[in-house]
Structure formats: structure tokens, C-alpha cells
Amino acid sequence: MSEKHHAELAIPEHDPADGRQLPPRHGQFRRAKIVLIVVALLLVAGAARTTISNFLQRRAVANVTTQNAKQFVSVVTPQATAASETLLPATLRGAVESPIYARATGYLLHRYVDIGAKVKQGQLLADLDTPEIDQELAQAIAQRNQINASLGLAKSSLDRWQQLRQRDAVSQQELDERQSTYTQGVANLAAADANVKRLQQLESFKRIVAPFDGVITQRNVDVGDLIAAGSGSAQAMFSLAQTDPLRVYVQVPQAYAQSVSVGQPVVVTQAELPGQHFQGKITHVSGAIDVATRSLQIEAALPNPDGKLRPGAYVQLALPGAVQPHLSVPSNALLFRAEGPRVAVVDDQGVVHLHKIVIAQDLGQTLELADGVSPNDRVIVNPSDSVDDGDHVQAKALEAKGGGKPAAKAQGDES
């Protein structure tokens with residue numbers, strides 16, 4: 001702006017009234033420029049701050065999204081279960097048990113033993129009074145003597161007729177008749193001898209003796225009782241049992257039938273004898289499963305030298321190793337799928353694989369698996385229903401409660 005322009009606008013450069021002088025024009029330009037620069041810097045700083053803030057916010061959101069997209073799972077390793085014993089109800093029986101019947105009919109004359117008596121083989125138990133048999137035996141002996149006397153006469157007659165026949169004094173027919181009479185007499189004598197021996201055998205049955213060593217478990221007769229012969233409708237006089245060793249009979253369920261064999265050791269316990277275990281051995285195994293009960297009958301021999309166990313008692317027999325060892329996992333590791341039960345297993349790269357399993361036994365909090373997992377697998381506990389093959393997860397070992405042991409952490413797993 002020139003002085004002429006100032007003059008035209010009536011703006012004097014000097015004000016004589018107050019003596020003040022107007023600021024120079026170049027100073028005003030400099031101040032305006034500084035203000036513009038400051039404003040520009042402030043705008044640039046605000047824009048930079050906004051840009052940085054937006055970048056940091058976007059990165060934080062991306063980190064949170066990535067973190068939320070990760071699946072964190074707890075895993076355990078299947079635990080091996082030891083082969084366990086199986087308790088089965090069983091019955092004790094004597095090694096030999098026999099009811100003793102009378103073979104001859106008569107009255108009980110003497111009784112020498114009672115229940116609980118230990119007897120030896122051949123020991124006399126009782127005597128019978130058999131008057132009918134005595135008379136029959138006497139009659140049979142007399143008949144045999146009569147037939148024997150007639151046979152002697154027939155023999156003498158035959159000898160004479162043979163001599164007469166040599167002189168042709170008698171016919172051959174007459175000689176044959178004498179021969180026939182003698183042969184018939186011989187047969188009659190043999191029959192009489194057999195009858196006498198039969199009655200003598202019956203006579204010997206008057207003495208009731210023990211057929212083997214054992215204990216009298218029942219006595220059903222007393223002196224003066226009428227004893228009927230035979231075992232059809234008659235009552236046994238005594239019951240005798242051999243108590244050492246004992247036999248143990250047990251019905252093994254079909255599921256355990258393949259795990260029993262002859263010679264396998266067993267343990268027998270009785271509730272009335274707490275803390276006492278009796279060792280035995282399987283001696284016989286039935287060759288077929290019973291159709292009605294679907295069980296296999298086995299027999300075990302059990303030594304009983306002190307007589308603590310008694311025939312007829314209810315006991316429990318333990319079959320060691322009847323239940324085969326399996327791998328167990330917590331029950332909350334089970335997945336129900338349309339294809340069947342599954343468990344989710346994580347490999348070393350954190351990839352999920354669904355394994356088909358076979359459940360051997362459900363114990364409530366744990367599952368015993370017959371197939372589907374190995375001892376080194378890492379099984380997911382409480383898996384999500386959406387977990388599937390190929391999912392990537394981050395596994396963390398979990399302290400199992402009875403169903404497994406903590407899984408070994410793979411490289412890259414979070415602690």
C-alpha cells in the first residue's frame with residue numbers, strides 16, 4: 001500500500017494529535033503467517049492423533065477377536081485299570097456225600113454213631129434185627145441140602161445105568177433119562193447155592209458200615225425203628241460227608257466264562273468268618289453254557305483240614321483277573337453322536353480327532369473303554385457339542401479325579 005493510497009483513504013501515516021505511529025505493514029503479515037502455521041500444526045497433530053488412536057483400536061479389536069476365536073480345552077490321559085477280582089456266590093459241598101440206606105428190612109437193634117461223629121471207612125454204624133431174612137436163609141440152606149442129596153442119588157443111578165448099557169441090558173433111551181435127571185439135579189443145586197449166597201448177602205446187610213471216611217451230617221433213625229430196604233420211598237438212615245477237601249460249586253456268568261480254566265487259583269470267603277481267606281483251585285469246568293441261566297458251572301477243590309468250613313454253606317468265590325484291564329476316562333468326556341459314542345482326542349499340533357469308542361463298563365464318574373483310545377491319547381474333558389474333526393484348539397492338562405491322569409503338555413500348550 002502506497003502513501004498515495006493512504007492519502008486517498010485519508011489515513012495519515014503519522015497522527016500529529018497524539019504523536020502515535022501506526023505499526024508497519026510487514027509485522028502484521030508475519031504474525032498472520034505464524035497463526036496459520038500454528039493452526040496447521042494443530043490440525044495435523046489432531047489428525048495424527050485420531051489416526052493413531054483408530055489404528056490402535058483396530059489392532060486391539062483384532063487381538064480380542066483372535067483371542068475369542070481360540071478354543072481352550074482341558075485334557076486328560078486315559079488311565080489303565082488293573083484286572084480286578086469278581087465275587088460270585090457259591091455253595092460248599094463235601095468231596096464225597098452219600099445218604100446211607102438199609103439194604104435189608106428189619107428193626108434197628110443198635111445205633112453206634114450220631115450227628116457230628118467222625119467215622120472211618122468200614123466202621124460199624126448200626127445193627128439190624130432181620131428175623132425174616134434169617135428164616136429165609138435157613139430155609140434156603142435146607143433146600144440146598146435136599147437138592148444135594150437128590151443129586152447124589154441121581155449120580156449113583158446114572159453110574160449103574162451106564163454099566164448096564166455097556167452090557168446092552170438097558171436101552172439108550174433109559175440111559176438118557178438118567179443122564180437128564182442128573183443134569184437137572186446139578187442145575188437145581190447151582191440155583192440153590194445162588195439163593196443161599198443172596199440171602200447171605202442180605203444177612204450181611206444187617207451191619208450198616210461207613211463206605212468212606214467222613215462226618216455224620218444226618219441221623220434219621222433210632223433204636224426200635226422199622227427200617228425198610230431200598231431208597232425209593234424209604235428214608236435214609238444216615239448222611240455221610242467227607243469234609244476235607246471240600247468242593248465249591250459256582251455258576252460263572254457267560255461274560256466271564258472265557259477267563260476260567262482248570263488249575264486256576266480261587267479265593268473263598270464266608271461272611272461269618274470275616275478276614276479269613278481260603279485258597280482253592282479249579283478242578284472241573286463244564287463244557288457248555290447252561291441255556292436257562294446263561295452261565296458256566298465250575299467246580300473247585302478247597303482244602304479244609306481244620307474243619308472251619310462246612311458242607312452246604314453259602315460262600316463267595318473270587319476269580320482273580322475275571323475282569324480284563326481297560327483304559328478309563330472321565331464320564332464327562334463322552335460325546336453322543338448319531339454314529340455312536342465318541343471321545344475327542346487332541347494331537348500334538350492341537351488338532352481335534354473324534355475317536356469311536358467301545359464302553360466296557362459304566363462306573364458313573366468314569367467309563368472303562370474296551371477300544372477307541374490309547375494310553376498316550378489326550379482326551380478332551382467337557383467338550384463342546386460343536387467340536388468336530390479338524391478343529392484347532394489349545395489344550396491344558398487337567399488334574400483328573402479318578403478317571404484319568406493329567407495329560408502331558410505338548411509344546412505350545414498354555415500352562
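Values below: every heavy atom of this structure, side chains too, minus hydrogens, waters and symmetry copies.
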*For the pair Gln123 (side chain) and Lys120 (backbone), establish whether a donor and an acceptor sit closer than 3.5 Å, ignoring hydrogens and angles.*
yes
_Check whether Ser328 reaches the backbone of Gln79 with its side chain - one donor and one acceptor, N or O, closer than 3.5 Å._
yes
*Quick check: does any side chain N or O of Asp225 sit under 3.5 Å from a backbone N or O of Ile227, one acting as donor and the other as acceptor?*
no
*asked:* Between Arg378 and Asp347 (side chain of the first, backbone of the second, donor and acceptor by atom type, cut-off under 3.5 Å), is there such a pair?
replied: yes
*Would you tell me whether Asn304 and Asp244 have side-chain atoms, one donor and one acceptor, within less than 3.5 Å of each other?*
no
*Which residues satisfy the side-chain contact (heavy atoms from CB on, under 4.5 Å) test with Ala333, sequence neighbours excluded?*
Val379
*Can you list every pair that meets side-chain hydrogen bond (donor to acceptor under 3.5 Å, both in side chains) and has a residue in residues 270-281, with sequence neighbours left out?*
Gln270-Glu272, Gln276-Lys308
*Answer yes or no: is there a donor N or O on one side and an acceptor on the other, between the side chain of Asn54 and the main chain of Thr51, under 3.5 Å?*
no
_Check: Asp290 side chain, Arg294 main-chain N or O, donor-acceptor pair, under 3.5 Å_ = no
*After noting the C-alpha distance and the side-chain angles of Val351 and Val346, does the key distance pass the side-chain contact (heavy atoms from CB on, under 4.5 Å) rule?*
CA-CA 6 Å; Val351 180; Val346 182; over 6 Å; no
*When you look at OH of Tyr112, are more than 12 heavy atoms from neighbouring residues, nucleotides or ligands closer to it than 6.0 Å?*
yes
*Would you check if His353 and His355 make a side-chain contact, meaning some heavy-atom pair closer than 4.5 Å?*
yes
*May I ask you to decide if Asp362's main-chain N or O and Thr366's side chain share a donor-acceptor pair within less than 3.5 Å?*
no
*More than 12 non-hydrogen atoms from neighbouring residues, nucleotides or ligands closer than 6.0 Å to CG on Asp385, yes or no?*
no
*asked:* With a sphere of 6.0 Å drawn around CD of Gln184, does it hold more than 12 non-hydrogen atoms of other residues, nucleotides or ligands?
replied: no
*Passing option when Phe238 is tested against Asn220, Leu125, Val119 for side-chain contact (heavy atoms from CB on, under 4.5 Å)*: Leu125
*Could you verify whether a donor N or O on one side chain and an acceptor N or O on the other, from Ser295 and Gln251, lie under 3.5 Å apart?*
yes
*asked:* What verdict does the side-chain contact (heavy atoms from CB on, under 4.5 Å) test give for Tyr182 and Leu151, after you've listed the backbone C-alpha separation in whole Å, the side-chain angles of each residue and the deciding distance to 0.1 Å?
replied: CA-CA 6 Å; Tyr182 174 74; Leu151 182 61; 3.7 Å; yes
*After noting the C-alpha distance and the side-chain angles of Val329 and Leu334, does the key distance pass the side-chain contact (heavy atoms from CB on, under 4.5 Å) rule?*
CA-CA 9 Å; Val329 297; Leu334 183 62; over 6 Å; no
*Using a cut-off of 6.0 Å, state whether more than 12 heavy atoms not belonging to Gln172 lie near its atom CD.*
yes
_Crowding at CG, Leu363 (>12 non-hydrogen neighbours, <6.0 Å)_ = yes
_For the residue pair Arg247 / Tyr249, report whether a side-chain donor-acceptor contact shorter than 3.5 Å exists._
yes
*Check the surroundings of atom CD in Gln258: do more than 12 heavy atoms from other residues, nucleotides or ligands lie under 6.0 Å from it?*
no
*asked:* For a 4.5 angstrom cut-off between non-hydrogen side-chain atoms, does Leu319 reach Val260?
replied: yes
*asked:* Please determine whether the number of non-hydrogen atoms from other residues, nucleotides or ligands lying under 6.0 Å from atom CZ of Arg310 exceeds 12.
replied: no
Name every donor-acceptor pair, under 3.5 Å, that has one atom in a side chain of residues 201-219 and the other anywhere in the protein, sequence neighbours excluded.
unit_1, atom_1, unit_2, atom_2, d
Glu203, OE2, Lys206, NZ, 2.8
Ser204, OG, Gln201, O, 2.5
Asp213, OD1, Gln121, N, 2.5
Thr217, OG1, Ser239, O, 3.1
Arg219, NE, Asp114, OD1, 2.7
Arg219, NH1, Val221, O, 2.8

